[in-house]
2 protein chains.
Amino acid sequence: MLKVQASIAALEYKPNRVAQRLRSTSKKTKLLGLIIPDIQNPFFVDVVRGVEDYAYQHNFAVMIGNFGQDEKKEKLYLDILQSENIDGLIVAPIHGKDKGIENLVKKNIPVVCIDRGLTEIDVDVVKVDNEQGAFNAIDHLLSIGHRKIAFISGNFKIPTYIERLAGYKRALSDYGVAYNAHLVFAKDTDYKSGFEIANKILDLKERPTAIFSGNNLLTLGALEAIHSRNIKIPEEISIIGFDDMPWSISLNPPLSAVRQPGFDMGRKAAEMLYERIQNPNSKKEKVILKTELILRKSTARIE
Amino acid sequence: MLKVQASIAALEYKPNRVAQRLRSTSKKTKLLGLIIPDIQNPFFVDVVRGVEDYAYQHNFAVMIGNFGQDEKKEKLYLDILQSENIDGLIVAPIHGKDKGIENLVKKNIPVVCIDRGLTEIDVDVVKVDNEQGAFNAIDHLLSIGHRKIAFISGNFKIPTYIERLAGYKRALSDYGVAYNAHLVFAKDTDYKSGFEIANKILDLKERPTAIFSGNNLLTLGALEAIHSRNIKIPEEISIIGFDDMPWSISLNPPLSAVRQPGFDMGRKAAEMLYERIQNPNSKKEKVILKTELILRKSTARIE
DNA sequence: ATTTGTAATGTAAACGTTTACATTTATCAA
DNA sequence: TTGATAAATGTAAACGTTTACATTACAAAT
């Protein structure tokens with residue numbers, strides 16, 4: 001290790017990663033794929049940061065694709081990343097039976113699912129206990145007297161929202177409150193959707209006394225709808241949602257929320273992917289993290 | 001175009017992008033690099049979305065690196081993306097004399113700078129008129145009677161903040177108010193930094209009547225500091241910052257801000273990069289977009 | 001049936017590495 | 001000095017495309 005090494009240093013030779021990747025059967029090329037549903041959602045940004053944090057420490061590059069809940073776009077990114085010969089993929093499947101991802105797993109490409117799992121196939125997953133998280137929120141609302149609680153959900157083909165609905169139902173049933181399907185609304189998972197659905201809810205003849213919203217963006221959208229009508233939170237309506245944000249405390253009013261550890265999820269997923277790459281045949285792992293109910297000022301007792 | 005094409009379709013043949021990229025001299029391989037300073041900042045998320053929007057339409061994949069204002073990390077991503085043989089790069093340089101980016105430009109790799117330019121070399125740029133944006137904010141504050149206006153800035157090696165400071169100074173001088181260096185603070189560009197600096201400002205013996213904060217995250221951090229002391233906005237202190245957010249209206253109070261068109265900037269940058277890839281020797285372009293002052297309820301007149 | 005032009009297909013080299021092996025050079029003990 | 005062993009270097013094939021060119025197949029025109 002003399003003349004050659006010296007020249008390598010002298011000429012500042014940088015190996016061409018494309019050629020490396022073409023030639024070698026993975027394990028050295030250091031490229032991770034990350035496919036997320038919505039980069040606008042601060043929760044997924046936390047996930048990205050977690051993944052990146054781990055990747056950076058282990059000298060991986062991360063190639064990110066953002067599919068905006070569009071199945072075609074998800075498929076495109078899957079194809080692209082695959083033909084980029086990535087070493088592994090972290091992905092939040094658009095639904096539980098995602099064939100594209102199933103295929104990758106079957107081809108033995110290391111995959112770890114994040115936020116949502118796959119139902120038809122055994123795969124590594126890191127997610128949160130959505131059912132319990134939703135349960136805790138609704139349980140809190142019920143405990144302070146609310147009985148008419150609307151749920152602003154994301155599309156029910158997304159596994160996360162199915163689980164959150166289950167938690168919503170379980171809490172209701174624990175309190176002997178009948179489930180009313182007219183109180184649950186699902187459309188997209190973005191700001192606009194939260195705004196629109198909240199408006200519908202506020203127009204209901206018998207207005208709910210509380211709103212449970214399915215994510216960050218839905219909550220923020222709902223907040224705008226409520227404020228634009230000058231309805232007071234929590235005096236006139238309570239609201240609590242999934243996902244906490246650093247600035248939740250600065251919202252009007254400081255927002256109560258179900259916190260998910262996004263950064264930790266991302267980091268854990270990257271770590272699991274790393275393990276999977278090293279050890280393709282070890283038993284698949286499911287990691288289910290806990291949520292935390294953070295009570296601030298957006299919910300109040302009613303008689 | 002018969003048997004071969006038929007087989008291609010029948011076997012669902014997907015060309016290997018790595019091999020394509022290795023062999024061909026760019027222009028067909030469809031990979032863009034995007035290096036941004038802080039993916040947690042919603043402004044840059046808008047930029048990412050804009051880039052992605054254009055890229056998706058033109059069948060490009062986007063490889064994102066997030067360097068968190070860490071020069072070493074920026075360099076790493078530059079090296080990685082370069083050895084990935086990207087067709088072009090969109091980057092927000094960490095400072096105006098960034099040698100790494102200069103080198104790419106000299107090597108004739110298509111580069112467009114976003115949010116910030118380069119001083120030593122001619123390069124495509126899309127940015128915003130930061131000087132005028134800051135001027136407008138401070139001018140507004142001055143017009144409603146404020147004279148002691150603190151500035152929570154990001155690090156002054158970042159060109160954006162140099163420009164914003166210039167706008168701050170110009171407005172002051174237009175009103176015949178002396179510039180006081182003790183009123184401008186610069187550390188990082190994140191939430192924590194905004195929180196810490198705001199606390200320092202609030203501790204000043206002669207407390208400023210208004211705060212101008214340099215970005216999204218700084219504003220949000222400052223907000224938390226102010227709220228944690230139960231100081232009323234805008235009665236006791238006014239605040240206005242760079243960057244608007246969809247949910248600014250739901251903050252306490254609804255926040256006034258200098259809006260930057262992040263999505264448009266991203267889209268425009270991607271478009272310019274596309275042009276540059278097609279036409280490597282055309283004249284470099286500088287696009288300077290306008291900011292918009294959005295007045296809500298976080299600033300009030302003082303006597 | 002033959003020619004002609006065009007569309008379709010075939011061929012070989014090249015992109016910059018890795019891999020496996022062969023060869024050369026250096027190192028140390030006897 | 002010699003041999004044995006290890007370290008360093010050299011060599012050739014392979015990864016899956018693109019590129020440029022050569023060849024073959026297929027019409028339509030003669």
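Proteins get letters first, then strands, A, B, ... in listed order; numbering begins at 1 in each.
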Query raised in the report: Between A:Tyr274 and A:Tyr54, how do the two ring planes meet: parallel, tilted or perpendicular, split at 30° and 60°?
Result: perpendicular
Requested in this report: Could you go through the salt bridge (charged side-chain N to carboxylate O under 4.0 Å, His left out) check for A:Lys290 and A:Asp129 one step at a time?
Outcome: CA-CA 6 Å; A:Lys290 282 202 168 54; A:Asp129 191 341; over 6 Å; no
Requested in this report: Determine whether B:Val48 and B:Ile64 make a side-chain contact, defined as any pair of heavy atoms from C-beta on separated by less than 4.5 Å.
Outcome: yes
**Report entry** Note: B:Arg267-B:Asp264 ion pair, threshold 4.0 Å (strictly below)
**Finding:** no
Query raised in the report: Would you say B:Lys97 has more than 12 foreign heavy atoms packed within less than 6.0 Å of its NZ?
Result: no
Report summary line: A:Gln5 CD to D:dA7 C1', in whole Å, measures 12 Å
Requested in this report: Would you kindly give the NZ-to-P distance between B:Lys14 and D:dT17, to the nearest whole Å?
Outcome: 12 Å
Query raised in the report: Quick one: A:Leu22 CG to D:dA14 C1', roughly how many Å, whole number?
Result: 9 Å
Requested in this report: Mind calculating the distance between CZ (B:Arg21) and C1' (C:dT17) to the nearest angstrom?
Outcome: 14 Å
Report summary line: Angle separating the five-pair end axes of the helix from C:dA1-D:dT30 to C:dA30-D:dT1, nearest 10°, is 40°
Report task. Find the distance B:Gln20:CD to C:dA14:C1' and express it as a whole number of Å. Result -> 16 Å
Query raised in the report: Just how far, in rounded Å, is C1' of D:dT18 from OH of B:Tyr13?
Result: 10 Å
Query raised in the report: Is B:Arg23 side chain donor-acceptor paired with the D:dT18 base, going by distance under 3.5 Å alone?
Result: yes
Report task. Would you mind checking if B:Glu163 and B:Arg116 are paired as a salt bridge, meaning a charged N to carboxylate O distance below 4.0 Å? Result -> no
